Novice: 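If you scroll down you'll find the structure; I have some questions about it.
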Amino acid sequence: MKTRIFFTVLLVLSLFLAACKEDSNPVDGGNGDTGNYFPGNTGTYYKFILETQDSTGTAVNGHRSVRYTGTSTIGGKQYIQETDTIFIGGIPDMSVSYFRKANDGIYYNLDTAGLWETIPDSLIQYITLSSE
């Protein structure tokens, strides 16, 4: 009986010690390869099911689809085109945006052409706008 308890304790202790090891980096799996995990490669398609309520509490269903359809060059920089369509209650709402991936981040192109007209002349000298 004592031998059985001794071997059981020895087995549990061995398993405990074998299970303890130095942690690896959870982001890159410990091999130094961080990879490219941001979605958005040309041809990628995502579809989401939407379930919401309107202001009266009535359930409204729909879906959202996101497609990455190609590339465009804007201001000398190459951007990926994202087409986002939302169908709620059978009514589509589509928008197109452009982004690019870089080593230091993700940059979205913004159309700031009309924004200048909303800024008072007295403040324009203090403001700079970037297209990203």
Side-chain angles (χ1 to χ4, degrees):
M1 182 70 172
K2 288 182 181 183
T3 306
R4 181 180 269 179
I5 293 173
F6 174 75
F7 282 116
T8 303
V9 170
L10 184 61
L11 177 65
V12 169
L13 184 61
S14 298
L15 290 174
F16 178 74
L17 291 175
C20 296
K21 68 176 188 174
E22 185 177 327
D23 289 337
S24 63
N25 185 340
V27 175
D28 66 13
N31 63 4
D33 178 22
T34 58
N36 180 8
Y37 300 107
F38 187 81
N41 295 323
T42 299
T44 305
Y45 173 79
Y46 299 96
K47 187 172 183 177
F48 305 93
I49 303 299
L50 303 175
E51 297 176 1
T52 186
Q53 293 181 350
D54 65 10
S55 59
T56 64
T58 305
V60 179
N61 296 321
H63 69 272
R64 174 183 177 209
S65 64
V66 179
R67 292 180 186 268
Y68 301 105
T69 54
T71 60
S72 295
T73 302
I74 303 170
K77 296 177 183 173
Q78 189 169 358
Y79 291 89
I80 298 170
Q81 180 176 330
E82 175 183 327
T83 304
D84 196 358
T85 308
I86 298 176
F87 292 92
I88 295 182
I91 302 171
D93 181 30
M94 186 179 84
S95 65
V96 177
S97 59
Y98 301 91
F99 71 95
R100 67 181 179 91
K101 299 183 262 185
N103 290 336
D104 59 343
I106 305 297
Y107 296 92
Y108 278 85
N109 181 272
L110 304 173
D111 183 8
T112 59
L115 184 60
W116 282 111
E117 296 172 8
T118 64
I119 300 172
D121 291 338
S122 60
L123 297 177
I124 286 181
Q125 64 182 339
Y126 303 110
I127 297 174
T128 57
L129 292 176
S130 171
S131 63
E132 295 184 317

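Treat the numbers as computed from the prediction; the structure is a model and nothing was measured.
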Novice: Measuring from Gln81:CD to Asn109:CG, what's the distance to the nearest 0.5 Å?
Specialist: 11.5 Å

Novice: Grouping I, L, V, M, F, W and Y whenever their side-chain heavy atoms are under 4.5 Å apart, do Leu50 and Val66 come out in a common cluster?
Specialist: no

Novice: Same cluster or not: are Tyr68 and Ile106 linked, directly or through other Ile, Leu, Val, Met, Phe, Trp or Tyr residues, by side-chain heavy atoms under 4.5 angstrom apart?
Specialist: yes

Novice: With rounding to the nearest 0.5 angstrom, report the CD1 to CE distance, Ile86 to Met94.
Specialist: 12.0 Å

Novice: Take the angle between the ring planes of Tyr108 and Phe99 and call it parallel below 30°, perpendicular above 60°, tilted in between.
Specialist: tilted

Novice: OG/Ser65 to CG/Asp84 distance, rounded to the nearest 0.5 angstrom?
Specialist: 7.0 Å

Novice: Should we say atom CG of Asn103 is surrounded by more than 12 heavy atoms from elsewhere, each under 6.0 Å from it?
Specialist: no

Novice: Could you state the interatomic distance from CZ (Arg100) to OH (Tyr79), rounded to the nearest 0.5 Å?
Specialist: 5.0 Å

Novice: Would a 4.5 Å heavy-atom cut-off, applied to side chains only, mark Ile80 and Lys101 as touching?
Specialist: yes

Novice: OG1/Thr71 to CD/Gln78 distance, rounded to the nearest 0.5 angstrom?
Specialist: 4.0 Å

Novice: So for atom OH, which belongs to Tyr126, do other residues, nucleotides or ligands contribute more than 12 heavy atoms lying within a distance under 6.0 Å?
Specialist: no

Novice: Distance check, rounded to the nearest 0.5 Å: Ile88 atom CD1 versus Glu51 atom CD?
Specialist: 11.5 Å

